[in-house]
Student: 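After the structure tokens below, expect a handful of questions from me.
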Amino acid sequence: MQTALSSKGQPKVVNRWLVIFGTALVQLGVGTFYAWSIFNTPILKMFHQLVIDPATGKTAAVQPHLGSVSLIFSIGALSLSLSTIFVGALVKKFGVRKVTMSAGILFGIAIFIASRVSSVDQLWLYYLSAGIMLGVADGIAYMATLSNAIKWFPEKTGLISGISVAFYGLGSFVFKYIDSAVLGTNIVHNLPYALMTWGFLSMLLIVGGAFFIHDAPEAKEENVVDDPTHHEFTTREMLRKPQAYLLFIALLTISLSVYLTGIASNLGTNLAGLDIAQATNIVAVVAIANTIGRFLIGSLSDKFGRKSMFILSYVVTFIAVATLAFSSHLSVSAFYAAMIAVGFFFGGTITVYPTMVGDYFGLKNHSQNYSLIYQGFGFGSLAGAVILSLAGGNLSVVFNIYLVMLVVSLLIWIFIKKPVYKK
């Protein structure tokens, strides 16, 4: 139990583990956003049916292609990343519960709008609803509850971050099966129902979880005269420190793993000769490894230190990516091992990162500070697709650039030191 201030400024006793329970529900709800790719095929088939003139059987309009449909999620991912910049100010003004509830309602409205799309020329409505609106709602709820949870447990930041981010990853894993079940075999006909089911359940998790959440007590300012390494940095002060930009680069680097895990099934068929069933299984295996990594690495970072975990994660990821890059004919076991390592240590890294930012720059302004460094995740997640496009589809270019960036980031983790505050 801990004391916090009520909305009227009066002290009240709060069970902080109930706050974590509520946070886990919210993270489970917003994490479902990463199950969006399951709707790409139904949307494509729906548009295909809509552009065929039933009387003549001829194409009546230009049919959208996979690139234009997959752009929905890309817009959402970028909106998610950018929206986190405003979370600190929103929470400070309205409180974490109201902000989270509002984001949950926006989440549901966005998916409801997407479920009403019924014309080929309404593709822009997907970009607005499932892209911008959904991404903004997701980013706000994610960052608000994560930063708040960490502030409730300053002595266990790694563990708490691990729990929160693990449930975020679990959301996409669980809802892939829920969405698939509702879609069934008649995926075009059932698409609106699957979207509405997803939106309702996610909104229920987010808004319901928000009822258990309370604003964390303000972090106390350390004595900067006695210990200048313990200072609650403002965002402006943080941006004057090179550590902020080094952390951004290192996060952008490891976020390239998002692209590799996103094309895991394609890599399996191309590099290890997996059949379609095996290639589908690797997606689930990597997702499980990612979730386990979030729990385990987050907890271990409290015991062995953040830097130690980062160095281990980036070294193993380098070995795994090198295995994928330089082995022309991988055995199935070697491919699985490499992809599991990529998923496991990316999950662990993205979990420990919020606590690392808190360790370096304090918890008082954590939402504002981490949201800026978190942009490395947004841009890193898109970097793989951009690099592959510029390289004309040559996947080895993506691997080689990733390996170079991993070496640079390893040097960052070896030499980086906690910033010292100077007036």
Student: Going through the distances and angles, do Lys364 and Glu237 end up as a salt bridge (charged side-chain N to carboxylate O under 4.0 Å, His left out)?
Tutor: CA-CA 13 Å; Lys364 184 176 182 180; Glu237 290 170 343; over 6 Å; no

Student: Report the relative orientation of the aromatic rings in Trp413 and Phe310; use parallel for angles under 30°, tilted for 30 to 60°, perpendicular for over 60°.
Tutor: parallel

Student: When the ring centroid of Tyr142 is compared with that of Tyr374, is the distance short of 6.0 Å?
Tutor: yes

Student: Determine, for Asp359 against Arg306, whether the closest basic-nitrogen to carboxylate-oxygen distance falls under 4.0 angstrom.
Tutor: yes

Student: Give me the atom names and distance for the closest heavy-atom approach of Val352 to Gly298.
Tutor: CG2-CA, 4.0 Å

Student: For side chain to side chain donor-acceptor pair (under 3.5 Å), just list the numbers for Thr234 and Gln368, CA-CA rounded to whole Å, side-chain angles, deciding distance to a tenth of an Å, and then say yes or no.
Tutor: CA-CA 8 Å; Thr234 65; Gln368 301 95 308; over 6 Å; no

Student: Indicate yes or no: does Lys151 engage Glu232 in a salt bridge with an N to O separation below 4.0 Å.
Tutor: no

Student: Heavy atoms only: give me the nearest Val99-Leu90 pair and the separation to one decimal.
Tutor: CG2-O, 3.5 Å

Student: List the atom of Pro354, the atom of Leu146, and the distance in Å for their closest heavy-atom pair.
Tutor: CG-CD2, 3.8 Å

Student: Mind telling me whether Trp198 and Phe39 have parallel, tilted or perpendicular rings, with 30° and 60° as the class edges?
Tutor: parallel

Student: Considering non-hydrogen atoms only, spot the tightest contact between Phe361 and Pro419 and give its length.
Tutor: CE2-CG, 3.7 Å

Student: Do you know which two heavy atoms are closest between Ile178 and Leu201, and how far apart they sit?
Tutor: CG2-CD1, 4.4 Å

Student: Would you call the rings of Phe167 and Phe295 parallel, tilted or perpendicular if under 30° counts as parallel and over 60° as perpendicular?
Tutor: perpendicular

Student: I need the minimum non-hydrogen distance between Ile416 and Gln243, along with the two atoms involved.
Tutor: CG1-CG, 3.9 Å

Student: Donor-acceptor check, side chain of Asp179 to backbone of Leu195, threshold 3.5 angstrom: yes or no?
Tutor: no

Student: Are more than 12 heavy atoms from other residues, nucleotides or ligands located less than 6.0 Å from atom CZ of Phe379?
Tutor: no

Student: Would you call the rings of Phe21 and Phe212 parallel, tilted or perpendicular, where under 30° means parallel and over 60° means perpendicular?
Tutor: perpendicular

Student: So, Asn290 side chain and Phe344 main chain: donor-acceptor pair closer than 3.5 Å or not?
Tutor: no

Student: Do other residues, nucleotides or ligands put more than 12 heavy atoms under 6.0 Å from the NZ atom of Lys98?
Tutor: no

Student: Quick one: is the NZ or CZ of Arg97 closer than 6.0 Å to the six-membered ring centre of Phe211, and within 45° of its axis?
Tutor: no

Student: Looking only at the aromatic ring of each residue, does the gap between the centers of Phe33 and Phe73 stay below 6.0 angstrom?
Tutor: yes

Student: Let's go through Ser115 and Tyr193 carefully: what are the C-alpha distance in whole Å and the side-chain angles of both, what is the deciding distance for side chain to side chain donor-acceptor pair (under 3.5 Å) to 0.1 Å, and is it a yes or a no?
Tutor: CA-CA 8 Å; Ser115 72; Tyr193 307 109; over 6 Å; no

Student: Please report the interatomic distance NE2(His366) to OG(Ser371), rounded to the nearest 0.5 Å.
Tutor: 9.5 Å

Student: How many angstroms lie between CD1 in Ile297 and OG in Ser313, if you round to the nearest 0.5 Å?
Tutor: 5.0 Å

Student: Which distance, rounded to the nearest 0.5 Å, do you find between the CD1 of Ile85 and the OH of Tyr370?
Tutor: 13.0 Å

Student: For Trp36, what residues pass the side-chain hydrogen bond (donor to acceptor under 3.5 Å, both in side chains) criterion, not counting sequence neighbours?
Tutor: none

